[in-house]
Structures are given as structure tokens and as C-alpha cells.
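Every chain is numbered from 1 and lettered A, B, ... according to where its sequence line falls, protein lines coming before strand lines. Predicted, not measured: the structure shown is a model, and the values here were computed from it. When reading the values below, keep in mind they use all heavy atoms of this one structure, side chains included, and skip hydrogens, waters and symmetry mates.
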There are 2 protein chains.
Amino acid sequence: MPKLGMEPIRRAALVKATIAEVGDAGSLDVSVSRIAKRAGMSSALAHHYFGGKDQIFLAAMRHTLTVYGAEVRGALVMADGPRSRVEAIIRAGFSNTNFRADVIAAWLNFYVMARTSDEAHRLLTVYQKRLHSNLQHGLRPLIGARAGAVAARMAALIDGIYLRQALSRDAVDGAEASAQVIAALDKEIGQ
Amino acid sequence: MPKLGMEPIRRAALVKATIAEVGDAGSLDVSVSRIAKRAGMSSALAHHYFGGKDQIFLAAMRHTLTVYGAEVRGALVMADGPRSRVEAIIRAGFSNTNFRADVIAAWLNFYVMARTSDEAHRLLTVYQKRLHSNLQHGLRPLIGARAGAVAARMAALIDGIYLRQALSRDAVDGAEASAQVIAALDKEIGQ
DNA sequence: GGTTTTTGATTGACTCGTCAATCAATAAAA
DNA sequence: TTTTATTGATTGACGAGTCAATCAAAAACC
């Protein structure tokens with residue numbers, strides 16, 4: 001069986017399975033066995049590759065942040081003009097890849113994890129800083145010095161809408177969510 | 001020892017201890033034994049009064065919601081005029097009783113719990129509905145038909161700022177948080 | 001008032017299950 | 001044969017929930 005070079009494949013499978021499992025369970029209270037089973041391997045192998053449960057979760061978290069980050073960058077290169085850049089940042093957060101029930105559940109639980117894990121805390125802080133920085137950068141040409149404060153509010157609003165969706169059990173609607181935030185944006189920048 | 005009427009005292013102590021313990025641990029991953037110990041009794045007694053771990057958490061949740069609800073009502077009777085009412089609702093959410101590290105941690109974890117517990121889900125839905133309804137009611141005289149949509153955004157913003165504080169490990173600042181939301185309110189209603 | 005009975009309060013010890021982590025062993029490349 | 005892949009079995013810890021037993025106030029009774 002040992003086809004060489006299994007490691008990256010196994011790791012990816014475990015990360016994917018972790019997100020799915022956390023999404024299903026709704027909490028971080030999922031056993032390594034279950035994750036491993038979903039990923040099609042034994043729990044021992046999961047430990048072999050990741051060293052421990054925390055490492056598995058952190059890897060899953062890094063992955064969601066990486067995907068999100070990539071999506072934002074991708075959207076930004078397509079945007080022309082500051083206003084369009086800000087909208088791109090907003091829409092990226094509510095894209096079909098990020099704004100899914102299981103991913104949202106994972107985010108929520110990462111917030112819980114960040115209260116006890118330094119590494120999780122660090123990662124989420126990076127995300128928040130980046131979101132704020134991106135928004136501020138896009139807003140500055142539009143509203144100058146107010147950009148910092150407005151960016152903070154927009155970021156909080158985005159997170160808040162995320163949180164609502166985490167509670168909602170209905171299907172999520174990224175377009176509707178984006179529209180909400182953009183409406184607030186319009187008010188903040190005066191149309 | 002059986003001084004009659006211990007039950008309500010014990011229950012209250014357990015609820016308080018639960019919030020504190022969840023705040024310390026940062027997650028719902030706290031054993032009944034620890035909660036009971038902090039409340040000054042055996043774990044068996046905790047089970048005796050509440051029946052199970054979930055019941056204890058739900059009671060703690062109901063308590064925080066009750067306190068929050070009372071505070072909002074109290075602030076509303078003091079307010080004169082719609083604008084003042086809306087501000088009162090906002091400030092109540094960030095009051096010293098509600099905007100505390102352990103309480104915020106509890107809220108966050110209740111959101112996680114709501115993904116698996118129907119009763120927790122119900123309670124949080126009640127909170128969200130009530131918050132939205134209160135805001136909408138206060139906003140209607142100010143902006144008419146737009147009140148519903150704006151209330152939704154304000155509610156999400158409040159939750160979002162809460163979430164930020166859940167991540168922050170510094171001391172929380174309710175006044176600053178209120179100011180943020182009120183600034184957004186000003187923009188929404190046009191000064 | 002004194003005795004007995006009842007009942008709420010309380011706990012230590014125990015059961016049962018779960019889970020993270022480890023290890024020894026096997027199999028297939030290189 | 002050395003390295004990589006892989007797993008079944010095992011261990012050690014921990015936690016929820018149960019139970020039988022104890023303790024002491026209070027109520028009922030004489």
C-alpha cells in the first residue's frame with residue numbers, strides 16, 4: 001500500500017474532514033477517530049501526521065484562513081477603483097466557498113478555541129488585522145481620516161452577520177449578506 | 001443541616017459558578033465537578049438539582065438572558081424620545097454587567113451550544129428577535145419603513161463588536177463599544 | 001415537652017463509556 | 001535493508017450520571 005508521498009494527501013484529507021466534521025457536530029467536540037474515519041484512515045495515522053488533536057484543528061484553521069485570504073486577493077486584483085475594492089473585500093467574505101454552514105461553524109468554534117490556544121488566537125488576530133487593514137486601505141481614498149474608524153465598524157458588521165448565520169439553521173445567502181454590508185457602507189461614505 | 005429551601009440558593013450558586021467557570025476555561029468543556037466545587041457543593045448535588053449538565057448550562061444561559069432583558073427594560077423606561085430609546089438599547093448591551101470577559105465567553109459558547117441544543121437555539125433566537133424588535137420599534141419614528149433593515153444591521157453590528165471582544169484578551173470597554181455603534185447609528189439615520 | 005417519623009440535603013464511591021495518545025507489528029516501496 | 005505508510009490493540013485518564021447511605025431539621029404524635 002505505501003505509495004510514497006502520501007503525507008500531503010493525508011494531511012489535506014484530514015483538514016477537509018475536520019472542517020466537515022466540526023460543521024456536522026457543531027462544536028470542536030469531535031474525536032480524532034471520527035475525523036480520521038471520515039478522511040478514510042485510522043486515528044493512529046492522523047496522530048502520526050499531525051502529532052495531536054490541537055495540531056489537526058490548527059491546520060484546519062490555517063487552511064480556512066488561507067482560502068479566505070486567497071479569495072480576497074483574487075477579488076482585489078479584479079477591482080478597479082477604491083469603492084470597487086471595498087466591495088470586493090466584502091463579497092469575498094460571503095463567497096460560496098466561505099459562507100457555508102460547515103465553514104461558518106468552524107469559524108465560530110475557532111473563536112472559542114482562540115480563548116485557550118495561543119496559536120489559534122494568533123491566527124484569528126492575523127485575520128482581523130488583515131481584514132481591517134484591507135478595508136481601511138480601500139476606504140482611505142473615499143473618506144480620508146475616517147477610514148480607520150469606519151473600517152473597524154465594517155469589519156465588526158461583517159463578523160456580526162457571520163455570527164447570525166452561525167445561529168441560523170436555514171440555508172445561507174451570501175448575496176443578501178453582502179447587500180446588507182454594502183448598504184451600511186453606502187451610509188458610511190455618504191451614498 | 002437541612003435548612004429548608006436550599007434549592008433556590010444552590011441553583012443560583014451553580015448558575016453563577018457555571019458562568020465563571022465557562023469564562024475561565026473559555027469553553028463549555030468544563031466538568032460538572034469543577035462547577036460544583038466552585039459553587040461549594042458536590043457534583044452529585046448539582047445533578048440532583050439540575051438533572052444533567054445540559055440543564056445546568058441552559059439555566060446559566062437563561063439567567064444571562066434574563067439579566068440582559070431586565071437591563072434593557074430598565075434603560076427603556078428612562079429614555080425619552082425615540083433616539084434616546086435606541087441609544088438605551090445599545091448601551092444596555094454593553095453595560096458593566098453584560099460586557100464582561102466571562103459573560104462574553106459564556107455568550108460565545110452558547111452560540112456554539114445552540115448548534116446542537118434545540119433549547120439553546122430557541123433561547124438565542126428569542127434574544128435576537130427581541131433585540132431586533134426593540135431596535136426597529138425605536139427606529140421607526142426616525143426613519144420609517146427603513147427601520148427594519150437598519151435594525152438588522154445595528155443588531156449584527158452589536159453582535160459583531162461582542163465577538164471582537166470575545167477574542168480580545170484585554171480589558172473590555174463598554175463605552176467605546178457603545179460609541180462605535182452609535183456612530184454607525186448616526187450615519188444610518190443621517191446625523 | 002419529649003419522642004418518633006418523615007423528608008430534604010448531601011456526599012463518597014462506583015459504573016460505564018469515551019477519547020487521546022502510544023506502541024508494536026506489518027507491508028510495500030526504494 | 002532502510003525508510004515510509006499503515007493499523008489494531010492497548011493504555012491511562014477523565015468525566016457524566018447513579019446510588020445507597022448519612023445527616024439533621026422539622027413535623028406529627030403522645
Is there any salt bridge (Lys or Arg N to Asp or Glu O under 4.0 Å) pair reaching into residues 13-27 of chain B, and which pairs are they, with sequence neighbours excluded?
B:E21-B:R34, B:E21-B:R38, B:D24-B:R38

Please work out which residues in residues 114-122 of chain B have a non-hydrogen atom less than 4.0 Å from an atom of DNA chain C and list them by number.
none

Compile the donor-acceptor pairs under 3.5 Å between side chains in residues 145-152 of chain A and protein atoms, sequence neighbours left out, one pair per line.
| from | atom 1 | to | atom 2 | distance (Å) |
| --- | --- | --- | --- | --- |
| A:R146 | NH2 | A:E188 | O | 2.9 |
| A:R146 | NH2 | A:E188 | OE1 | 3.4 |

Between A:L131 and A:V126, is there a shared hydrophobic cluster once you connect ILVMFWY residues whose side-chain heavy atoms come closer than 4.5 Å?
no

Kindly write out the residues that satisfy side-chain contact (heavy atoms from CB on, under 4.5 Å) with A:A12, not counting sequence neighbours, or none if the list is empty.
none

Contacts to DNA chain D from residues 50-59 of chain B, heavy-atom cutoff under 4.0 Å, which residues?
B:G52, B:K53

Which pairs would a plain distance check flag for residues 64-77 of chain B, meaning a side-chain donor or acceptor within less than 3.5 Å of a matching protein atom at least two apart in sequence or in another chain?
| from | atom 1 | to | atom 2 | distance (Å) |
| --- | --- | --- | --- | --- |
| B:T64 | OG1 | B:M61 | O | 2.8 |
| B:T66 | OG1 | B:R62 | O | 2.7 |
| B:E71 | OE1 | B:T97 | OG1 | 2.6 |
| B:E71 | OE2 | B:S95 | OG | 2.4 |
| B:E71 | OE2 | B:T97 | OG1 | 2.7 |

Is there a side-chain polar atom (N or O) of B:R34 under 4.0 Å from OP1 or OP2 of D:dG15?
no

Steps toward side-chain contact (heavy atoms from CB on, under 4.5 Å) verdict (B:Y111, A:V112):
CA-CA 10 Å; B:Y111 268 88; A:V112 170; over 6 Å; no

Any non-hydrogen side-chain atom of A:F110 less than 4.5 Å from a side-chain atom of A:Y127?
no

Residue-level proximity of residues 17-29 of chain A to DNA chain D when a heavy atom falls under 4.0 Å:
none

All pairs passing side chain to side chain donor-acceptor pair (under 3.5 Å) where residues 41-55 of chain A contributes a residue, at least two apart
none

side-chain contact (heavy atoms from CB on, under 4.5 Å), that's the test. Do B:N109 and B:F57 meet it? Break it down for me.
CA-CA 10 Å; B:N109 280 284; B:F57 283 138; over 6 Å; no

Tabulate below the donor-acceptor pairs under 3.5 Å that side-chain atoms of residues 99-106 of chain A make, not counting sequence neighbours, or state none.
| from | atom 1 | to | atom 2 | distance (Å) |
| --- | --- | --- | --- | --- |
| A:R100 | NE | A:D102 | OD1 | 3.3 |
| A:R100 | NH2 | A:D102 | OD1 | 3.2 |
| A:R100 | NH2 | A:D102 | OD2 | 3.0 |

For residues 163-170 of chain B, which side-chain donor-acceptor pairs fall under 3.5 Å, sequence neighbours excluded?
| from | atom 1 | to | atom 2 | distance (Å) |
| --- | --- | --- | --- | --- |
| B:R164 | NE | A:D159 | OD2 | 3.4 |
| B:R164 | NH2 | A:D159 | OD2 | 2.9 |
| B:S168 | OG | B:D170 | N | 3.1 |
| B:R169 | NH1 | A:D118 | OD1 | 3.0 |
| B:R169 | NH2 | A:A114 | O | 2.7 |

Separation of D:dA5 atom C1' from A:R11 atom CZ, nearest Å, is 14 Å

Would you indicate whether the side-chain heavy atoms of A:R91 and A:I182 approach each other to under 4.5 Å?
yes

Name all residues meeting the ring-ring contact (aromatic ring centres under 6.0 Å, His included) criterion together with A:F50; count only those two or more places apart in sequence or in a different chain, and write none if there are none.
none

Please list, in numerical order, the residues of residues 38-49 of chain A that have a heavy atom closer than 4.0 Å to any atom of DNA chain C.
A:A44, A:H47

